[in-house]
Amino acid sequence: MTRVAFQLQVKPELLPEYLARHTPVRPEMLREIAAAGRRDYSLFLGSGGVLFGYYETDDDAAAQAYLAASPVAARWEAEMAPFFLDLDGRPDQAATPLTEVFHLEDQLAAAGESVTPATDNEGRAS
């Protein structure tokens with residue numbers, strides 16, 4: 001499994017419309033993302049329109065190729081492209097990849113530790 005993170009810059013003046021287009025995303029695009037093999041996909045918006053994305057996949061090259069060939073994704077990405085600054089190509093293909101520098105579960109496993117959820121006084125996960 002591969003974790004992928006990326007960054008884009010949304011034009012600040014277009015933030016309200018960008019958010020409206022993602023509340024919710026069209027069902028056919030959601031299905032294409034899932035069919036491509038991406039899961040646990042999230043977008044996070046920072047100040048000034050900085051957008052961070054994250055997803056997991058078993059084969060990122062295959063997921064990219066699937067979406068690159070998808071007419072549904074092509075239409076969505078063509079509609080989304082005007083929302084971004086300094087973008088050369090489709091947003092899903094031209095986003096700036098981020099380098100992972102820390103992952104809790106990987107480091108715990110390397111140290112021979114396991115992940116256990118915190119519990120409250122009643123034994124419930126918190």
Side-chain angles (χ1 to χ4, degrees):
M1 193 265 304
T2 302
R3 293 178 298 275
V4 178
F6 59 89
Q7 179 178 338
L8 291 162
Q9 177 65 49
V10 179
K11 294 176 182 174
E13 68 274 15
L14 297 180
L15 278 170
E17 178 64 18
Y18 180 83
L19 293 171
R21 300 265 184 119
H22 285 79
T23 314
V25 170
R26 292 183 200 139
E28 62 271 17
M29 188 59 207
L30 298 174
R31 286 190 294 272
E32 283 297 88
I33 293 168
R38 290 181 177 176
R39 58 190 176 277
D40 200 17
Y41 197 144
S42 297
L43 295 173
F44 301 89
L45 185 61
S47 64
V50 176
L51 187 74
F52 297 95
Y54 171 86
Y55 60 88
E56 296 171 354
T57 185
D58 293 324
D59 185 342
D60 195 38
Q64 289 279 11
Y66 180 92
L67 292 170
S70 164
V72 171
R75 281 191 302 276
W76 174 260
E77 295 301 330
E79 291 175 19
M80 292 297 102
F83 288 91
F84 299 103
L85 290 171
D86 303 322
L87 192 65
D88 186 23
R90 284 174 43 165
D92 67 333
Q93 305 289 315
T96 302
L98 301 174
T99 302
E100 183 176 58
V101 296
F102 172 80
H103 185 250
L104 176 62
E105 285 78 10
D106 287 351
Q107 289 199 18
L108 284 170
E113 303 283 336
S114 64
V115 178
T116 55
T119 58
D120 62 15
N121 292 338
E122 304 288 324
R124 296 179 299 242
S126 56

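Atom set for the values below is all heavy atoms of this structure, side chains included, hydrogens, waters and symmetry mates excluded.
Once rounded to the nearest 0.5 Å, the distance linking CG of D86 with CG of L8 reads 11.0 Å. Expressed to the nearest 0.5 Å, how far CD of Q93 lies from CG of D88 amounts to 12.0 Å. Interatomic distance, CD of E77 versus CG of D92, reported as 3.5 Å (0.5 Å rounding).
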- Message: Set out, in order, the CA-CA distance, both residues' side-chain angles and the distance that settles salt bridge (Lys or Arg N to Asp or Glu O under 4.0 Å) for E105 and R3, then state yes or no.
- Response: CA-CA 12 Å; E105 285 78 10; R3 293 178 298 275; over 6 Å; no

- side-chain contact (heavy atoms from CB on, under 4.5 Å) between Q9 and V50: does it pass, once the steps are laid out? CA-CA 5 Å; Q9 177 65 49; V50 176; 3.3 Å; yes

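Residues meeting the side-chain contact (heavy atoms from CB on, under 4.5 Å) test with V72, sequence neighbours left out: E28, M29, E32, S70, R75.
In the hydrophobic clustering of ILVMFWY residues, with side-chain heavy atoms under 4.5 Å counting as a link, L30 and W76 come out together. Cluster annotation: V10 is not connected to Y54 through the hydrophobic network of ILVMFWY side chains, with a link wherever side-chain heavy atoms come within less than 4.5 Å. Taking hydrophobic clusters as Ile, Leu, Val, Met, Phe, Trp and Tyr residues chained together by side-chain heavy-atom distances below 4.5 Å, L15 does not share a cluster with L85. Following chains of ILVMFWY side-chain contacts shorter than 4.5 Å, one can reach F6 starting from F83, so the two form part of one hydrophobic cluster. A single hydrophobic cluster is seen to contain both V25 and M80, as judged by linkage of ILVMFWY side chains at heavy-atom distances under 4.5 Å, directly or through other members.
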Show which side-chain atoms of residues 33-49 pair as donor or acceptor with protein atoms under 3.5 Å away, not counting sequence neighbours.
| unit_1 | atom_1 | unit_2 | atom_2 | d |
| --- | --- | --- | --- | --- |
| R38 | NH2 | Y55 | OH | 3.2 |
| R39 | NH2 | D58 | OD1 | 2.9 |

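The two atoms that bring L87 and P91 nearest to each other are CD2-CG, 3.5 Å, heavy atoms only.
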